[in-house]
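Inspection log for the structure reproduced underneath, given as structure tokens.
Model, not experiment: these values are computed from the prediction. Below, read A as the first sequence line, B as the second, and so on, with proteins coming before strands; counting in each chain starts at 1.
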Protein chains: 2
Amino acid sequence: MPKDRAPTRIQKKNRATILNAALNVFSAHGFRGATVDQIATEAGLSKPNLLYYFPSKEAIHTALLSGLLETWLAPLHDLDEDGEPMEEILSYIHRKLQMSRELPRESRLFANELVQGAPRIHDALSNDLKALVDEKTTVLTGWMDQGKIARLHPYHLIFSIWALTQHYADFDVQVRAILGEEDPFEGAEPFIDTLYRKLLSP
Amino acid sequence: MPKDRAPTRIQKKNRATILNAALNVFSAHGFRGATVDQIATEAGLSKPNLLYYFPSKEAIHTALLSGLLETWLAPLHDLDEDGEPMEEILSYIHRKLQMSRELPRESRLFANELVQGAPRIHDALSNDLKALVDEKTTVLTGWMDQGKIARLHPYHLIFSIWALTQHYADFDVQVRAILGEEDPFEGAEPFIDTLYRKLLSP
DNA sequence: CGTGAGTTTGACCATATGGTCAAATCAAGA
DNA sequence: TCTTGATTTGACCATATGGTCAAACTCACG
């Protein structure tokens, strides 16, 4: 393995290449379904060379997940207590849908992990994620108390946003099998927007 | 393999046992993540004995999927063109949520398959599923034309129902990590009900 | 250049896994 | 009870897979 000094030019490039290749493979096949050889080939490296940069398959997966968790939660993080409630929420939803459109691999990486019981990120869920959600539901409840948005179960409101937006990335094949040529996001955007405008109107 | 005469008592029992065990294992680990040994152990049989009833791992998986697809689509099938629109749709949603609660393994079996691109059921999606959805969206559009429910993109309306209801089965760990002790379905039921009443009101 | 650290790889290993087979055991009807 | 087909299994096989290692090769820098 590379010493833990400042990473060289080559180390930087290869680590990034590997993580990108691993994202392709893990998101498409899940942890168990992905093979180190597949990732190595995808990255254009030999297997031993890949294992020179990461000590194990598990290490690559962990590096990916923890590196992407922040990105994944950023939209919710940005929900601003001091903003205009309806606008803030709709903007959050918009950013979330945008992520499903632009980062479907990341969405499926987490989906794979969650569907199988999140064996490798259970801690992050009950700690970081729960903390963030608790913080933001407080904000939502505040807005409800002020009558700015309709009173709803704040946790389920957030779940619904996750479900509706991530569905288009996670179950992409199904959506496309039904819609045919039509671009899923074309119709999803106004549909979801309408849905939440109606739902949240006080 | 058993001859294709009328199945014996033992054949019936063992096939059922195997499919049930396989549902446990496949839904928890995905196709690639499940092992024949695991399924055999779960079923209380030896591996060769299990392979006496099904010719391969793939065959078990296929048998499961095709056997459960009907069950899975039944609620949508039951959506009755001649019923009262709002009531019909809310009833469909209710049945769908009930399935997430009572058949989470089945939900995750399909979720696993879909997230990974549905390599083994792509045909069923573009044929059976698409046909059924097309049929029912026609009904929905009819109701919209009559002004019985709000005008919305009918496909996305159905997607939203799938997303919101199956989320509770597929991402169960995440939901529970955030809700803690609270029963997810306790709050989900009224939340989703409210959501669609507001959304569908003309 | 020369040299040592950083990088790459062919060959290899242990284990896991899907699947096979012949022999043994069991069950039910004549 | 006897016989025959159904059922079960221990032993085995080929392949796939995660991971190791020593030797070879590159590259940056004095």
Detail all sub-3.5 Å separations between protein N/O atoms and N/O atoms belonging to nucleotides 23-30 of chain D.
residue: D/dA28; atom: OP1; partner: A/Arg9; partner atom: NH2; Å: 2.7

*For B/Phe31, enumerate each residue passing the ring pair (Phe, Tyr, Trp, His ring centres under 6.0 Å) test, keeping only those at least two apart in sequence or located in another chain.*
B/Phe26, B/His61
_Can you list everything that forms a ring pair (Phe, Tyr, Trp, His ring centres under 6.0 Å) with A/His156? Sequence neighbours excluded, please._
A/His153, A/Phe159, B/Tyr168
*D/dT7 OP1/OP2 closer than 4.0 Å to side-chain N/O of B/Asn49*: no
_Is the phosphate of D/dA6 approached by B/Tyr53 (side-chain N or O, under 4.0 Å from OP1 or OP2)?_
no
Taking only residues two or more places apart in sequence, or in another chain, which ones meet [X] in a salt bridge (Lys or Arg N to Asp or Glu O under 4.0 Å)?
{"X": "B/Arg95", "value": "none"}
{"X": "B/Asp82", "value": "none"}
{"X": "A/Lys130", "value": "A/Asp134"}
{"X": "A/Arg120", "value": "A/Glu113"}

*Rounded to the Å, how far apart are B/Arg15 CZ and D/dA6 P?*
12 Å
*Any A/Thr17 side-chain heavy atom under 4.5 Å of A/Tyr53 side chain*: no
*Please list all pairs passing the side-chain hydrogen bond (donor to acceptor under 3.5 Å, both in side chains) test where one or both residues lie in residues 101-111 of chain A, with sequence neighbours left out.*
A/Asn20-A/Arg105, A/Asn24-A/Arg105, A/Gln98-A/Glu102, A/Arg101-A/Asp183, A/Ser107-A/Asp170
Are any protein N/O atoms closer than 3.5 Å to N/O atoms in nucleotides 11-18 of chain C? If there are, list each pair with its distance.
residue: C/dT17; atom: OP1; partner: A/Arg32; partner atom: NH2; Å: 2.3
residue: C/dG18; atom: OP1; partner: B/Ala34; partner atom: O; Å: 3.3
residue: C/dG18; atom: OP1; partner: B/Lys57; partner atom: NZ; Å: 2.9
residue: C/dG18; atom: OP2; partner: B/Val36; partner atom: N; Å: 2.8
residue: C/dG18; atom: N7; partner: B/Lys47; partner atom: NZ; Å: 2.9

